[in-house]
Q: 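I'd like to ask you about the structure that follows.
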Number of protein chains: 2
Amino acid sequence: MKSERLLDTLLTITEALGADMDRYLRDNGLTTARAHLLWTLHRGGPAKQRDLAAALGHSPRNVTTLVDELVAAGHVIRRDHPGDRRAFLVELTPQAVTLLEVMAASHVELAGQLFGHLDARTRNELGEQLTGLAQRLATLVGEERG
Amino acid sequence: MKSERLLDTLLTITEALGADMDRYLRDNGLTTARAHLLWTLHRGGPAKQRDLAAALGHSPRNVTTLVDELVAAGHVIRRDHPGDRRAFLVELTPQAVTLLEVMAASHVELAGQLFGHLDARTRNELGEQLTGLAQRLATLVGEERG
DNA sequence: TATTGTTATACTCTATAACTATA
DNA sequence: TATAGTTATAGAGTATAACAATA
């Protein structure tokens, strides 16, 4: 198979996977940005809005909006920062933790639907190819391809 | 390799590939939506705005905006529709045709950078896996996964 | 009456800059 | 003087609804 067709197929996958993930997030009342924020809190624990902005690559102003929306939806709370009266600590609610667990389970399920039919050897070979691909792409994206 | 890790790697690729394509389009003065419109004209020839809206999944109003911008950039022209005085035929300029040829060449180059090192057999196997993946994803996206 | 494209308007997501309150 | 977060404002990108010209 020619390289161009491989790339076209990969782009098709990219588009469908993005659409599927977006739709799944919308079904759970989240946008991509809000979901990223929740996962960042899940991984790193309670955080200041400033740190969330840096971690997510957003402006501080935008994090204010995202946190406002997540507070309104009951997914996070703002607590007073113990050591800095200017700042808040943004923290997941139990409801959000439950939601993230459901989403993690759905992630596993999707993985099974996509790759579950493969035998161990094929999965390993495919894994090697995809890992190499991810590395080459990271290099390209990092160094401004021309 | 576990299915979840395969999916994570695929999501990494999806993100990097999307970022790379977006940056490439910006470098050429295009957005994703404008580029899609140009490729649609390239494949199908001159078209009415209504048909472009249907083909691209946009509102007619939005196509008006996109075509306005592409006219301003010199990529398309609006011609009077020969058989319907309500409508325009949107048509690529020679400049846009040249740009699309350059973009197609860059697409081939990117494909080479990503897959050129693989031997024919590996490429075929990878192609089969990716094609199967694309089909499973199309099914999932089509039928509202739960 | 239906369709093509436009004007008017609004919503989402993002950004920068100026401001308040702390540090 | 610098930092954390907010208010004010703006700019993409998209949508629906009402309207004019034409079918």
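We name chains A, B, ... by the order of the sequence lines, and we start the count at 1 in each one.
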Q: Name the atoms and distances for all side-chain donor-acceptor pairs under 3.5 Å in residues 126-135 of chain A, with sequence neighbours left out.
A:
unit_1   : atom_1 : unit_2   : atom_2 : d
A/Thr131 : OG1    : A/Gly127 : O      : 2.7

Q: Send over the distance from B/Asp68 CG to C/dA8 P, rounded to a whole Å.
A: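 Going from B/Asp68 (CG) to C/dA8 (P), I get 14 Å.
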Q: Need to verify one output field. Residue with the more 5' nearest nucleotide on DNA chain C, B/Leu89 or A/Thr65?
A: B/Leu89
Q: Starting from C1' on D/dG5, measure out to NE2 on A/His81 and report it in whole angstrom.
A: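 My rounded result for the distance is 13 Å.
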Q: If you look at every heavy atom in A/Leu7 and B/Phe115, which pair is closest and at what distance?
A: N-CE1, 3.7 Å
Q: For the side chain of A/Ala87, starting at C-beta, report the closest nucleotide among C/dG5, D/dT6, D/dG5.
A: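 Selected nucleotide (nearest to the side chain): D/dG5.
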Q: Between the protein and nucleotides 8-13 of chain D, list every N/O to N/O distance that falls short of 3.5 Å.
A:
unit_1 : atom_1 : unit_2  : atom_2 : d
D/dA8  : N6     : A/Arg61 : NE     : 3.3

Q: Nearest to the B/Arg50 side chain among D/dT6, D/dG5, C/dG5, which nucleotide is it?
A: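 Selected nucleotide: C/dG5.
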Q: Answer yes if the ring centres of A/His42 and A/Trp39 are under 6.0 angstrom apart, and no otherwise.
A: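 Ring centres of A/Trp39 and A/His42 closer than 6.0 Å.
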Q: Send over the distance from A/Leu25 CG to C/dT12 C1', rounded to a whole Å.
A: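 Checked: the CG to C1' distance equals 15 Å.
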Q: What protein N or O atoms touch nucleotides 21-23 of chain C N or O atoms at under 3.5 angstrom, if any, and at what distances?
A:
unit_1 : atom_1 : unit_2  : atom_2 : d
C/dA23 : OP1    : A/Arg85 : N      : 2.7

Q: Could you tell me how far apart B/Gln49 (CD) and C/dT7 (C1') are, to the nearest whole angstrom?
A: 14 Å
Q: Below 4.0 angstrom from OP1 or OP2 of D/dG5, is there any side-chain N or O of A/Lys48?
A: no
Q: Starting the side chain at C-beta, find the nucleotide from D/dT16, D/dT14, D/dA4 nearest to B/Ser59.
A: D/dT16
Q: D/dA21 C1' sits how many Å from B/Asp80 CG, rounded?
A: 13 Å
Q: Is B/Ile77 reachable from B/Leu52 through a run of I, L, V, M, F, W or Y residues, each pair having side-chain heavy atoms under 4.5 Å apart?
A: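 Each belongs to a different hydrophobic cluster.
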Q: Ignoring hydrogens and geometry beyond distance, is a side-chain donor-acceptor pair present between B/His117 and A/Arg136 at under 3.5 Å?
A: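 Per modelled atom types, B/His117 and A/Arg136 side chains form a pair under 3.5 Å.
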Q: Can you give me the closest heavy-atom contact between A/Glu91 and A/Pro46, atom names plus distance?
A: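 Answer, listing the atom of A/Glu91 first, then A/Pro46: CG-CG, 3.8 Å.
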Q: Does B/Arg121 come within less than 4.0 Å of B/Asp119, counting only side-chain N to carboxylate O?
A: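 Salt bridge flag = no for B/Asp119 with B/Arg121.
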Q: With the threshold set at 4.0 Å, does a side-chain nitrogen-carboxylate oxygen contact exist between A/Arg78 and A/Asp68?
A: yes
Q: Would you kindly give the CG-to-C1' distance between A/Leu70 and C/dC13, to the nearest whole Å?
A: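 For the pair A/Leu70 CG and C/dC13 C1', the rounded distance is 14 Å.
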Q: Provide, to the nearest angstrom, the distance between the CG atom belonging to B/Leu52 and the P atom belonging to C/dT6.
A: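 Computing the B/Leu52:CG to C/dT6:P distance gives 12 Å.
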Q: Quick one: A/Leu30 CG to C/dC13 C1', roughly how many Å, whole number?
A: 15 Å
Q: Is the shortest distance from a Lys or Arg side-chain nitrogen in B/Asp8 or B/Arg5 to a carboxylate oxygen in the other one below 4.0 Å?
A: no
